[in-house]
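The model shown is predicted, which means the values in this text are computed figures rather than measured ones. Below, chain A is the first sequence line, B the second, and so on; all start at residue 1.
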Number of protein chains: 4
Amino acid sequence: MPWELKTDRPIYTQLVEQIKLMVFSGAYPLGSRLPSVRDMAQEAAVNPNTMQRALAKLEEEGLIITHRTSGRSITEDARMVELAKTKLAQEQISELLEKMRLLGFDQEAILTLINDMVKEMKQ
Amino acid sequence: MPWELKTDRPIYTQLVEQIKLMVFSGAYPLGSRLPSVRDMAQEAAVNPNTMQRALAKLEEEGLIITHRTSGRSITEDARMVELAKTKLAQEQISELLEKMRLLGFDQEAILTLINDMVKEMKQ
Amino acid sequence: MPWELKTDRPIYTQLVEQIKLMVFSGAYPLGSRLPSVRDMAQEAAVNPNTMQRALAKLEEEGLIITHRTSGRSITEDARMVELAKTKLAQEQISELLEKMRLLGFDQEAILTLINDMVKEMKQ
Amino acid sequence: MPWELKTDRPIYTQLVEQIKLMVFSGAYPLGSRLPSVRDMAQEAAVNPNTMQRALAKLEEEGLIITHRTSGRSITEDARMVELAKTKLAQEQISELLEKMRLLGFDQEAILTLINDMVKEMKQ
DNA sequence: GTGGTCTAGACCACC
DNA sequence: GTGGTCTAGACCACA
């Protein structure tokens with residue numbers, strides 16, 4: 001559990017991403033119970049409110065279920081997880097495309113570059 | 001100038017990336033003289049040795065020229081800059097592809113996703 | 001016992017509603033004796049005169065019986081309770097219809113919406 | 001502008017509802033600029049963070065647009081407003097149905113009551 | 001103990 | 001000046 005936090009983006013969005021990655025990687029299996037907000041906050045060295053906000057966001061997306069008095073757990077719905085995974089991927093791609101745009105590449109140049117690199121990987 | 005530094009990768013590589021971005025974005029124009037190593041290190045709040053190493057790396061790539069007696073300056077060779085830009089782009093793409101692989105997408109799925117998103121941007 | 005009191009409506013009408021709900025929910029069983037006006041007023045943090053007025057209203061409706069010498073009690077007449085329940089329901093519905101009217105829905109639109117939602121609940 | 005706030009539900013949800021009502025009633029016309037978060041918070045006598053949360057929720061629903069440095073305004077998209085209106089109506093109806101259920105009415109009884117009352121209004 | 005909400009006060013980026 | 005985020009600390013309901 002790295003909990004790498006930069007200061008250039010809201011902390012809670014970074015928490016959201018990293019928790020997602022843990023779910024997708026199986027560090028938190030489907031249906032498993034999460035530590036308490038306070039514990040996770042301490043673990044990540046952030047304020048409990050900030051962790052709370054991240055978890056609320058994850059619940060909104062359907063990846064986490066809240067049991068009012070007895071903590072939270074990861075959803076057991078594999079489709080939900082699949083959906084969230086695709087969404088995260090799209091966000092990452094979107095970020096890349098934005099960076100490329102800033103570097104002055106147009107869409108054709110971007111696609112060419114990416115296609116070439118994927119082909120290289122195949123070899 | 002953000003100078004955002006995480007602790008999960010060598011600091012000097014992060015300095016390299018960020019200085020490149022400044023060059024590509026025009027913050028440091030072609031041919032312009034750079035501040036002293038000492039000043040840049042203080043600016044970024046890193047050890048001068050670390051900054052030194054980053055600048056050496058940049059010189060290796062041909063982006064920066066060292067004048068024995070009078071400090072360093074950005075290369076005037078536009079082709080050099082173009083080359084470095086492409087290399088940076090490739091690194092970014094490589095990072096993305098690695099992340100996608102970790103998420104469990106294979107090459108076809110990745111390409112499909114990216115192509116769809118670029119098409120969307122066109123609209 | 002929440003005793004939630006807003007300032008936008010006469011307090012005594014709000015007391016009336018809340019006491020009714022307690023009766024309907026069984027918090028005050030049929031035939032049971034009520035606390036003294038003074039005690040109930042203190043409980044709800046209102047002036048005894050206000051509580052008095054609420055109880056008088058409830059007696060008017062036949063939900064409460066006053067025994068000259070020995071305080072008040074809930075009626076034992078189940079029909080009375082049933083009647084009061086229906087009346088409360090009608091008031092709630094009336095409030096809703098008024099709100100919907102303010103939102104710009106006409107009667108047909110309102111009925112359609114409600115019917116659709118009840119059907120959904122059935123599923 | 002009443003700003004009636006009870007303590008039995010989260011304040012920010014009540015703020016959301018009341019601001020919606022102002023929009024639907026035309027108190028805040030489509031496209032008009034909203035007061036600053038701080039001003040609205042003072043107006044409603046709540047903490048700026050609480051008002052912030054309400055406004056964030058309204059932006060999520062598409063009813064409000066945020067201009068990073070120059071305040072917020074009501075959306076100009078009439079369809080958005082229509083959608084939000086229907087959603088609010090459904091919530092109100094849902095609340096009513098829940099109350100009726102607590103009073104012990106089943107679905108048929110509820111529908112009968114409502115239909116009768118709407119017919120009465122027509123006359 | 002759990003999650004949820006609210007307040008107060010601070011700081012930041014943007015323009 | 002604007003919105004946005006974060007922290008610290010408190011309180012509540014639930015069970």
With sequence neighbours left out, what residues match Asp77(D) under salt bridge (charged side-chain N to carboxylate O under 4.0 Å, His left out)?
Arg79(D)
What residues in residues 29-40 of chain D put a non-hydrogen atom under 4.0 Å from any atom of DNA chain F?
Ser36(D), Val37(D), Arg38(D)
Starting from P on dG3(F), measure out to CZ on Arg53(D) and report it in whole angstrom.
19 Å
Mark yes or no for a side-chain to base donor-acceptor pair under 3.5 Å between Asn49(A) and dG9(F), with no hydrogen or angle criteria applied.
yes
Strand-adjacent residues in residues 57-73 of chain A, judged by heavy atoms under 4.0 Å from DNA chain F:
Thr69(A)
Holding to side-chain hydrogen bond (donor to acceptor under 3.5 Å, both in side chains), I want the full list of residues that pass it with Glu76(A), two or more places apart in sequence or in another chain.
none
Distance-only check: which donor-acceptor pairs under 3.5 Å involve side-chain atoms of residues 47-60 of chain A, not counting sequence neighbours?
{"residue": "Asn47(A)", "atom": "OD1", "partner": "Asn49(A)", "partner atom": "N", "Å": "2.7"}
{"residue": "Glu59(A)", "atom": "OE1", "partner": "Thr66(A)", "partner atom": "OG1", "Å": "2.9"}
{"residue": "Glu59(A)", "atom": "OE2", "partner": "Thr66(A)", "partner atom": "OG1", "Å": "3.1"}

Quickly work out the Ile11(D) CD1 to dA10(F) P distance and round it to whole Å.
19 Å
Among residues at least two apart in sequence or on other chains, which ones pass side-chain hydrogen bond (donor to acceptor under 3.5 Å, both in side chains) with Arg9(A)?
Glu17(A)
Taking side-chain hydrogen bond (donor to acceptor under 3.5 Å, both in side chains) as the definition, give me every residue that meets it alongside Thr13(C), ordered by chain and number, with sequence neighbours left out.
none
For dC6(E), does either OP1 or OP2 sit under 4.0 Å from a side-chain N or O belonging to Tyr12(D)?
no
Which whole-number value in Å describes the distance from Gln52(A) CD to dT7(F) P?
14 Å
Tell me the closest heavy-atom pair linking Ala27(C) and Pro29(C), and the distance in Å.
O-CD, 3.6 Å
With sequence neighbours excluded, tell me which residues meet side-chain contact (heavy atoms from CB on, under 4.5 Å) with Ser73(B).
Ile65(B), His67(B)
Pairs of donor and acceptor atoms involving the side chains of residues 81-92 of chain A, under 3.5 Å and at least two apart or interchain, shall be tabulated with distances.
{"residue": "Lys85(A)", "atom": "NZ", "partner": "Leu103(B)", "partner atom": "O", "Å": "3.1"}
{"residue": "Thr86(A)", "atom": "OG1", "partner": "Glu82(A)", "partner atom": "O", "Å": "3.2"}
{"residue": "Gln92(A)", "atom": "OE1", "partner": "Lys99(B)", "partner atom": "NZ", "Å": "3.2"}

Using whole Å, what does the distance between atom C1' of nucleotide dT5(E) and atom CG of Leu55(A) come to?
15 Å
Value in whole Å for how far the P atom of dT7(E) lies from CD of Gln42(D)
14 Å
Listed partners of Asp116(C) passing side-chain contact (heavy atoms from CB on, under 4.5 Å), at least two apart
Thr112(C)
From the set dT5(F), dC6(E), dA8(E), return the single nucleotide nearest to any side-chain atom of Thr50(D).
dC6(E)
In whole angstroms, the gap separating C1' of dC6(E) from CG of Asn47(A) amounts to 13 Å
Rounding to an integer number of Å, can you tell me how far Gln14(A) CD sits from dT5(F) P?
12 Å
Partner set under salt bridge (charged side-chain N to carboxylate O under 4.0 Å, His left out) for Arg101(D), not counting sequence neighbours:
Glu98(D)
Should we say atom CZ of Arg38(C) is surrounded by more than 12 heavy atoms from elsewhere, each under 6.0 Å from it?
no
Write out the stems for DNA chain F, ordered by first number and formatted as range with range, counting runs of at least 3 consecutive Watson-Crick or G-U wobble pairs under 3.5 Å.
E:1-14 with F:1-14
What is the distance, to the nearest angstrom, from the CE atom on Met51(D) to the C1' atom on dT2(F)?
16 Å
